[in-house]
Amino acid sequence: MNLKKSYHEEPGYKKVITSRNSPLTYAEMDMLVLSKGEKFVIDEVDKEFVSLVMYGQVNVCGEGFCFEKVGKRASTMEVVGAENVYVGKNTPFTIECVSEKAKVAIAKAPAPKYFAPQCVRAEDMKLATFGKETFVRDVAFTFPETMQSNYLYIGEYWVENGFWASFPPHKHDVENGKEGALDEIYYYEFDKPQGFGIQMVYTDDKTINEAYKIETGDAVEIPVGYHPMAVAPGYRNYTLWIMAGPRRGLLSSGEPCHQWIVK
């Protein structure tokens, strides 16, 4: 099973992870790159969207709403959450670039219910530090569970020089009260062109037991299982995580054999 997709940044709109090329139930991801003054219209039936400004600034407008100058960073390497706009079911909208260039990651999921458009600004996002020692990372709760949405729950993290993330390994693939059943997509960038890391995805019974070299522009789908990742020494990583499921939030269970590390 190949859970890795690759995106090479180029002008225009690109579908990266879709319901047709992925084992995921809910989460999809597109990428959009525009130059100043360029516009792109998104109009898909029965889906909800979160448009995350990776760098640059855009206006996101539709009938009855217009969020202007969305985006507050020049690079994903800045520890600033990606400003974003939620657009609900059956609501066409236009993304217009107002900076010299902008890149937008578009997370989407099925939408049984309609929720009104919402904008999340960087100053309203919660930032935190997770982990310790060699598995510490900075985290931004970019589109948290407090925002209205059917399924989408989104954040970002930054990992330094040889460190691990999503560690100790955890999973969120069953609904049992503590743990929620949530798809996840990881999208990665590195501070240097040759930067890389390793992403693992595996289940207890090893029906899935994958490890991928990840570079800038890569994405890995996580339908089930544990999913720790590591960054090569000397490099810095940015990861966008898109989670989607009926019960939104950090609802996970750790791999039991590794829990002694955090006790």
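Worth saying up front: this structure is predicted, and the values here are computed from it rather than measured.
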Are the side chain of D138 and the backbone N or O of V79 linked by a donor-acceptor pair below 3.5 Å?
-> no
For residues M229 and Y188, determine if any side-chain heavy atom of one lies less than 4.5 Å from a side-chain heavy atom of the other.
-> yes
Spell out, as yes or no, whether a donor-acceptor pair under 3.5 Å connects the side chain of K5 to the backbone of N21.
-> yes
Are any side-chain N or O atoms of E156 and backbone N or O atoms of A82, one a donor and one an acceptor, separated by less than 3.5 Å?
-> yes
By disulfide (SG to SG under 2.5 Å), C61 pairs with (sequence neighbours left out) C66
F167, V159: one ILVMFWY side-chain cluster at the under-4.5 Å cut-off?
-> no
Qualifying ring-ring contact (aromatic ring centres under 6.0 Å, His included) pairs with a residue from residues 73-112, counting only residues at least two apart or across chains | F49-F93, Y86-F143
Distance-only, no hydrogens or angles: does the R73 side chain make a donor-acceptor pair with backbone N or O of V80 under 3.5 Å?
-> yes
When rounded to the nearest 0.5 angstrom, what is the spacing between OH in Y186 and CG in N237?
-> 10.5 Å
For the pair Y151 and Y26, name the ring-plane relationship: parallel under 30°, tilted 30 to 60°, perpendicular over 60°.
-> tilted
Does the ring center of H170 lie less than 6.0 Å from the ring center of H258?
-> no
Could you pull out all residues at least two apart from E179 that satisfy salt bridge (Lys or Arg N to Asp or Glu O under 4.0 Å)?
-> K171
Heavy-atom donor-acceptor pair, D218 side chain to T216 backbone, under 3.5 Å | no
Less than 4.0 Å between a side-chain N and a carboxylate O, is that true for R236 and E160?
-> yes
Between E9 and K101, is the closest basic N to carboxylate O distance under 4.0 Å?
-> yes
Are K89 and Y114 in a cation-pi contact, defined as NZ or CZ under 6.0 Å from the six-membered ring centre and within 45° of the axis?
-> no
How would you list, by chain and number, every residue that makes a side-chain contact (heavy atoms from CB on, under 4.5 Å) with P256, sequence neighbours excluded?
-> Y226
Worked verdict on M31 versus Y13 for side-chain contact (heavy atoms from CB on, under 4.5 Å) | CA-CA 6 Å; M31 287 288 183; Y13 182 76; over 6 Å; no
Please round to the nearest 0.5 Å and tell me the distance separating atom NZ of K36 and atom CD of E38.
-> 12.5 Å
Distance from K108 atom NZ to I242 atom CD1, nearest 0.5 Å?
-> 11.0 Å
Considering residues at least two apart in sequence or located in another chain, which fulfil the side-chain contact (heavy atoms from CB on, under 4.5 Å) criterion with K39?
-> T94, E96
Would you say the side-chain atoms of T203 pair up with the backbone N or O of I208, donor to acceptor, closer than 3.5 Å?
-> yes
Residues in ring pair (Phe, Tyr, Trp, His ring centres under 6.0 Å) with F163, at least two apart?
-> none
Would a distance-only check, ignoring hydrogens and angles, find a side-chain to backbone donor-acceptor pair under 3.5 Å from D183 to P223?
-> no
Answer yes or no: is there an ion pair linking R121 with E83, defined by an N-O contact shorter than 4.0 Å?
-> yes
